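Before any comments, here is the structure.
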Amino acid sequence: MMSEQSAPLRQPYDKAYEHLLEKVRHDGAYPTRERAEEAVRLVLAGLGRQLTGDERVELAARLPFEAARVLTAQIPDTRPLTGWAFVKDLAARAGASPATTRWDTGSVFCAVAAYAGPDLLTRILRQLSPGYALLFGLAELTPAA
């Protein structure tokens, strides 16, 4: 006879996180929710290593709990990466091609942008190194003269 404690149950995610995964699965044309979740976890962990300060805290507060936990579990890196270096770093960590990782990044960042909203997204992009706006599907910001 098995005790209830011998088989750990996987806790279902909340509806907000399920919605995030479904958006990424749909927008990224992933065949399964599991594949979309792999992309979400990889990209949010990478973003958590690059984003600091109030923008990090605000974004975490706007994301579904499980996504915020992935983002905030990372210790920010002391060396900021450009957008392309970010993609190459994620590709190396995942053992994937830069092209696939670039697709994953764009699919996840599209969903993240919807949660962040335009004002917070602008502040996030100002904090990050050059090249991230393109990953979010936006034109690169240029400093005001």
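Because the structure is predicted, anything quoted here is derived from the model rather than measured.
- Leu135 approaches Gly83 most closely through the heavy-atom pair CD1-O, 3.6 Å.
- Using a 4.0 Å cut-off between charged side-chain N and carboxylate O, Glu34 and Arg25 make no salt bridge.
- Across all their heavy atoms, Val87 and Pro98 have their closest contact at CG1-O, 3.6 Å.
- Remark: Trp103 CH2 is loosely packed, at most 12 non-hydrogen atoms of other residues, nucleotides or ligands lying under 6.0 Å away.
- The two atoms that bring Ala16 and Tyr115 nearest to each other are O-OH, 3.5 Å, heavy atoms only.
- With values rounded to the nearest 0.5 angstrom, Leu44 atom CG is found 7.0 Å from Leu20 atom CG.
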Any chance you could lay out the side chain to side chain contact (heavy atoms under 4.5 Å, CB included) test for Leu128 and Leu47, step after step, and finish with the verdict? CA-CA 10 Å; Leu128 296 172; Leu47 184 59; 4.2 Å; yes

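- Taking all atoms of both residues into account, the shortest heavy-atom contact from Ala68 to Ala60 is CB-O, 3.2 Å.
- In this structure, CZ on Arg35 lies 12.5 Å from CG on Leu21, to the nearest 0.5 angstrom.
- Summarising the geometry, atom CG belonging to Leu71 is positioned 5.5 Å from atom CG belonging to Leu59; distances are rounded to the nearest 0.5 Å.
- Judged as a side chain to side chain contact (heavy atoms under 4.5 Å, CB included), and not counting sequence neighbours, the contacts of Arg93 are Arg49, Asp89.
- Residues Trp84 and Leu138 share a single hydrophobic cluster, defined by chaining ILVMFWY side chains whose heavy atoms lie under 4.5 Å apart.
- For Thr82 against Ser129, the heavy-atom pair with the smallest separation is CA-CB, 3.8 Å.
- Under the side chain to side chain donor-acceptor pair (under 3.5 Å) criterion, Asp27 pairs with Lys23, sequence neighbours left out.
- The shortest distance between side-chain heavy atoms of Val40 and Tyr17 falls below 4.5 Å.
- There is no side-chain donor-acceptor pair under 3.5 Å between Gln127 and Tyr132.
- Atom-to-atom distance recorded for Lys15:NZ and His19:NE2 is 12.5 Å, nearest 0.5 angstrom.
- A donor-acceptor pair under 3.5 Å links the side-chain atoms of Thr105 to the main chain of Thr101, judged by distance alone.
- Note: the hydrophobic cluster containing Val112 does not contain Leu134 (ILVMFWY, side chain heavy atoms under 4.5 Å, direct or indirect links).
- Residues Glu55 and Arg126 are not paired through a salt bridge, judged by the lack of any N-O separation under 4.0 Å between the basic side chain and the carboxylate.
- Here Arg79 contributes atom CZ and Asp77 contributes atom CG; the two are 5.0 Å apart, rounded to the nearest 0.5 Å.
- Annotation: side chain of Pro76 is not in contact with side chain of Gln50 (no heavy-atom distance under 4.5 Å).
- Scanning for ring-ring contact (aromatic ring centres under 6.0 Å, His included) contacts around Phe109 gives Phe86, Phe136, with sequence neighbours left out.
- Summarising the geometry, atom NZ belonging to Lys88 is positioned 13.5 Å from atom OG belonging to Ser97; distances are rounded to the nearest 0.5 Å.
- The minimum heavy-atom distance linking Val24 with Tyr30 is given by the pair O-CD1, 3.4 Å.
- Taking the side chain as every heavy atom from C-beta outward, Glu66 and Arg41 approach each other to under 4.5 Å.
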